[in-house]
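Step one of this worksheet: look at the structure below.
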Amino acid sequence: MTNAAPILAIDGLTMRFGGILAINKLSFTAQRRQITALIGPNGAGKTTVFNCITGFYRPSGGTMTLVHDDGATFRLDRLHDFRICKYAKVARTFQNIRLFPGMTALENLMVAQHNTLMRASGFSLLGLLNAPSFRDAERDAIDFAREWLERIGLTDRADDAAGNLPYGDQRRLEIARAMCARPALLCLDEPAAGLNANESAALSDLLLSIRNDIGTSILLIEHDMSVVMEISDHIVVLDHGVKIADGAPRAVRDDPKVVAAYLGADEEDAAQVMEQTMEGGA
Amino acid sequence: MAVPAPHPASAEPTAGFGFILKKAVISALVALVLFFLMIGIRTEAGSSGQLIYWTRFGELAAIVGAVFVGSIVIELLRRWIGPVGGVELPASVRGGFAVLGRLLAPALLIFALLVPVIFYKERYLLDLAILVMTYVMLGWGLNIVVGLAGLLDLGYVAFYAVGAYSYALLAQSGLPLPHLTDAFPYVAFSMEQLGPWAFWVLLPVSGLLAALWGVILGFPVLRLRGDYLAIVTLAFGEIIRLVILNWQDLTGGPNGISGIPRPTVFGIPLTPGEHGFAAMIGVPFSPTHRLVFLFYLILALALITNWVTIRLRRLPIGRAWEAMREDEVACRALGINITTTKLSAFAIGAMFGGFAGAFFATRQGFISPESFSFQESALVLAIVVLGGMGSQLGVALAAIAMIGGFELFRGLDQFRMLVFGGVMVLLMIWRPRGLIGHRAPTVFLQKRTEISASLVKEGHG
Ligand SMILES: Nc1ncnc2c1ncn2[C@@H]1O[C@H](COP(=O)(O)OP(=O)(O)OP(=O)(O)O)[C@@H](O)[C@H]1O
Ligand SMILES: [Mg+2]
């Protein structure tokens with residue numbers, strides 16, 4: 001039996017930086033066990049939405065409600081900083097990769113399990129005494145990390161410094177690290193940026209398997225439309241901090257307002273462009 | 001992003017002799033300006049207070065010439081050896097070094113255990129060994145804060161002072177708070193009651209009080225990073241020293257506290273009488289016994305510090321410290337509470353500083369604010385940086401080199417600092433990340449690797 005409520009409901013979210021209105025009364029929902037894509041041209045405010053959701057910014061207004069499978073409800077706009085990951089179980093990646101470069105891939109995944117391990121280590125006392133209960137927890141954590149390293153194909157490089165990994169591997173490692181925090185909602189900020197076609201395809205598979213096999217809901221910011229169209233269940237389009245479209249991938253792709261926003265043209269021009277592409281396709 | 005190690009000399013490999021000459025002329029000019037007043041003109045107060053001065057242009061010319069030639073030689077050497085750190089040793093040599101490196105720590109430990117045996121007759125060397133071990137312990141304590149958590153703390157001596165004064169004051173007068181002891185009679189104790197156990201009871205108390213001060217300092221600086229953190233912690237160290245200096249009623253001000261109880265071998269005093277330790281084990285009394293005991297005491301304290309640090313590093317708290325040093329924002333996104341993580345690093349680092357302080361007080365039998373000046377903080381920080389931030393072995397080596405070297409150059413009088421500074425500069429050019437610059441992972445799947453220093457961050461706050 002799964003919860004029918006959307007995993008995340010955002011209502012009237014507003015974010016102001018001094019005079020800049022980065023997000024203006026944004027409302028949308030992300031459904032449970034679905035991939036919801038947040039797209040829009042550069043500077044539309046997508047990363048800002050993520051920073052509000054994950055507690056890095058305190059929104060100027062609006063509410064964000066997260067509901068776990070078991071019905072536990074969290075008001076993200078009232079929760080801050082590390083608590084959003086620890087209690088509300090929202091994990092994220094960053095537009096510019098933020099791994100711990102001097103730590104190994106495995107260590108990166110261990111840090112992500114900090115709160116579980118901290119409890120198991122009796123806030124370090126049991127850990128200092130090397131209590132069996134802590135050793136078990138540590139072994140479980142390593143096994144879980146190993147599972148994720150296998151999933152992203154990095155088992156061989158588990159003991160290499162994260163900063164030494166190729167770019168594409170770093171991107172996948174950051175996703176694995178977020179998943180090791182066992183999130184209910186995974187927020188990915190442009191995970192396909194800088195990847196080649198093969199890597200993008202592998203990434204799509206990884207995200208689909210996270211949704212299908214693990215059942216984690218995903219919120220995805222992405223510029224690579226092939227990835228977005230292929231894997232997302234729902235798309236929200238943002239431009240200048242305002243939502244301009246919201247719907248299934250096909251509907252959004254054909255929305256002239258979206259095309260206009262992306263091409264920086266007005267609607268009539270966009271309609272023309274759309275027609276041309278259709279003719280070209282036919 | 002990881003900043004690749006700079007290769008200064010490789011930038012202009014083709015620049016010719018003219019470039020070297022130009023550099024040397026500039027260096028010589030700088031030296032001329034710098035030393036003109038310092039060496040070129042010698043001043044002295046005459047018999048009736050008037051100013052007497054004479055010029056020493058010969059010496060000045062010699063110095064400037066030395067700088068000129070030295071600059072050319074260094075530049076040529078750099079061309080010849082190639083970029084700093086770019087020299088790749090053959091695999092066999094590197095393997096040999098690795099084996100040596102693995103043997104170094106156990107060898108040092110065995111040597112440390114044997115020091116009192118080898119140098120039993122040399123009181124001066126025993127004293128020096130105790131001093132070195134004190135700094136090893138302080139270095140290991142500060143290493144938690146600076147090396148692991150990446151929090152640049154310039155006021156570490158404050159915790160050393162808190163530990164020393166806590167021990168001295170409590171040992172002298174029991175709890176120095178009459179109204180508190182009236183309200184809670186069971187916490188009141190006096191020296192008579194504690195008797196020979198004073199040191200052993202008050203050692204943990206001093207450590208805990210220092211840890212408390214670590215947290216108290218930690219709170220206001222939670223949001224500060226890098227330079228700002230360094231300045232505030234520096235100020236904190238000075239504040240503690242000034243409070244001690246001026247709170248005459250409690251601390252005796254500049255006169256300090258004397259008559260601090262000496263440590264006992266778990267209750268048995270190291271004194272000549274029939275209840276003394278010597279009589280107990282049936283050997284003639286010798287004042288060296290106390291030195292030997294003090295040495296083993298500080299060695300044990302330091303090894304406990306080391307053991308706890310090594311274990312903590314492999315626990316979630318230690319990994320969180322290192323992760324925080326690498327990237328604080330990512331830590332927050334993973335649900336790590338930065339506040340408690342920082343405070344725990346400050347507290348545990350401070351606690352070991354407090355232990356070392358209590359040991360210092362009992363060793364000296366007398367403490368005064370002079371022992372807790374900024375210079376001590378700087379020295380301990382230099383040990384940590386020179387050792388290689390985060391490396392336990394490196395810190396121990398650096399403490400031995402620095403404190404031992406300091407004594408070695410005692411004959412040079414005021415030039416000691418000059419030599420010391422020069423050696424520091426050379427070492428930092430040769431090994432910018434300290435003696436042991438790589439990081440050993442805390443957990444591994446297949447093989448234990450070493451992470452090159454260029455990837456490891458030094459922390460920004
Ligand atoms: N901390 C901040 N202070 C001031 N302005 C900010 C801040 N963060 C974001 N902004 C502004 O908010 C707007 C939206 O930025 P945001 O980074 O969210 O865009 P984005 O959609 O993620 O763009 P991109 O696709 O380039 O990543 C921009 O105009 C930016 O300048
Ligand atoms: Mg962005």
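So you know, we letter chains A, B, ... as the sequences are listed, proteins then strands, and number each from 1. Bear in mind that the values here come from a model prediction, so they are computed numbers and not experimental data.
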One should read off an interatomic distance between M118(A) CE and L315(B) CG, to the nearest 0.5 angstrom, of 8.5 Å
* To do: Go through the steps to decide whether L117(A) and R319(B) satisfy the test side-chain contact (heavy atoms from CB on, under 4.5 Å), and finish with yes or no.
  => CA-CA 11 Å; L117(A) 283 174; R319(B) 275 194 212 113; 4.2 Å; yes
| said: Does R75(A), at its CZ atom, have more than 12 non-hydrogen atoms belonging to other residues, nucleotides or ligands within less than 6.0 Å? | reply: yes
Residue R58(A) excluded, over 12 heavy atoms near CZ under 6.0 Å: no
### Task
Indicate yes or no: at least one non-hydrogen side-chain atom of E326(B) is less than 4.5 angstrom from one of P101(A).
yes
- Message: Taking OH in Y228(B) as the centre, count heavy atoms belonging to other residues, nucleotides or ligands within less than 6.0 Å. Is the count above 12?
- Response: no
Cut-off 4.5 Å, heavy atoms of chain B, and the answer for R83(A) is neither
One pair to check against side-chain contact (heavy atoms from CB on, under 4.5 Å): L334(B) and H114(A). What are the steps and the verdict?
CA-CA 8 Å; L334(B) 292 171; H114(A) 176 80; over 6 Å; no
Exercise. Got a donor-acceptor contact below 3.5 angstrom from the D327(B) side chain to the F100(A) backbone?
Worked result: no
task = Run the salt-bridge test on R313(B) and E107(A) with the 4.0 Å N-O cut-off and return the result as yes or no.
result = no
When every non-hydrogen atom of W307(B) is compared with those of L128(A), the smallest separation belongs to CH2-O, 3.6 Å
Is there a donor-acceptor contact under 3.5 Å from the side chain of N115(A) to the main chain of G335(B)?
-> yes
Highest number of heavy-atom pairs under 4.5 Å with chain B among T54(A), D81(A), T104(A) belongs to D81(A)
- Item | Test item: R98(A) side-chain N/O and V329(B) main-chain N/O as donor-acceptor pair under 3.5 Å | no
The interface call for Y87(A) against chain B, heavy-atom contacts under 4.5 Å, is neither
- So does Y167(A) have more than 12 non-hydrogen atoms from other groups sitting under 6.0 Å from OH? yes
Interatomic distance, OG@S121(A) vs CZ@R314(B), rounded to 0.5 Å, equals 15.0 Å
When the 4.5 angstrom heavy-atom criterion is applied to E138(A) and chain B, the contacting part is side chain
Most contact-rich option vs chain A, by heavy-atom pairs under 4.5 angstrom, among N337(B), I317(B), V443(B), is N337(B)
side-chain contact (heavy atoms from CB on, under 4.5 Å) between T339(B) and F82(A): does it pass, once the steps are laid out? CA-CA 10 Å; T339(B) 307; F82(A) 72 96; 5.9 Å; no
dist L445(B):CG -> L154(A):CG (nearest 0.5 Å) comes out at 11.5 Å
Looking only at I84(A), D160(A), T155(A), T116(A), the option with the highest number of non-hydrogen pairs under 4.5 Å against chain B is T155(A)
If one checks every heavy atom of R332(B) against chain A at 4.5 Å, the contacting part turns out to be both
